[in-house]
Amino acid sequence: MSNRTFTMIKPDATRKGHTGAILQMINEAGFRIAAMKMTTLSKEKAGAFYAVHSERPFYGELVEFMSSGPITAAILEKENAVDDFRKLIGSTNPADAADGTIRKLFAASIGENAVHGSDSSENAILEGDFFFSKLEQF
Ligand code: GDP
């Protein structure tokens, strides 16, 4: 069981200036940042990252949104990282997210929901490797 997860601070949260506040919540929740970069995703890259959703009706919207501006990608380390980070970010739809979660505080809608968090340790490794070479993972 890996102790790492992968996150992105999405373009909506970047645009609204929430990057610093979200990183502070991540640090205060006990995650160590093992890799981090601010970048933009081309439509092609966003489409590849979310390929698992390619048959879903919202795929086009998701690709448009994720390539609409800068994101911050990071690998985070902590015991039980995947599950604890999913708890910290809250439900996909901010309307259902628990009080105090990142999505409750910063997300506007189910699509523009401020942050990504891996759903398994296996995907955390694949997603981290999508953005960072092994030399960039500390
Ligand atoms: P997550 O694991 O909580 O991020 O949720 P999913 O894996 O189910 O979906 C991936 C991402 O697709 C979500 O974080 C949203 O940005 C987006 N998404 C999910 N459902 C919808 C939807 O109904 N409409 C739109 N526009 N985007 C959605």
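Residue numbers start at 1 and run along the sequence shown. Atoms within each ligand, like the ligands themselves, are counted from 1 in listed order.
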Is the centre of the Y59 ring less than 6.0 Å from the centre of the H53 ring?
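Ring centroids of Y59 and H53 are no less than 6.0 Å from each other.
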Check for me whether the distance between the ring centres of F85 and F6 falls short of 6.0 Å.
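Between F85 and F6, the centre distance exceeds or equals 6.0 Å.
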Would the distance check show the side chain of E61 and the main-chain N or O of F58 forming a donor-acceptor pair, the cut-off being under 3.5 Å?
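No, E61 side chain to F58 backbone: no donor-acceptor pair under 3.5 Å.
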Strictly by modelled atom types, are R4 and S118 linked by a side-chain donor-acceptor pair under 3.5 Å?
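Note: R4 and S118 side chains miss the donor-acceptor criterion.
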State, without any angle test, whether N113 and K10 hold a side-chain donor-acceptor pair at a distance under 3.5 Å.
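Per modelled atom types, N113 and K10 side chains form a pair under 3.5 Å.
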Which protein residues have a heavy atom under 4.0 Å from ligand 1?
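Within the 4.0 Å shell of ligand 1, which is judged on heavy atoms, sit K10, H53, F58, E61, L62, R86, T92, R103, I110, G111, N113.
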One thing to verify: whether R86 and D119 come together as a salt bridge, which I'm taking to mean a side-chain N less than 4.0 angstrom from a carboxylate O.
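Between R86 and D119 there is no salt bridge, as every charged N stays at least 4.0 Å from the carboxylate O atoms.
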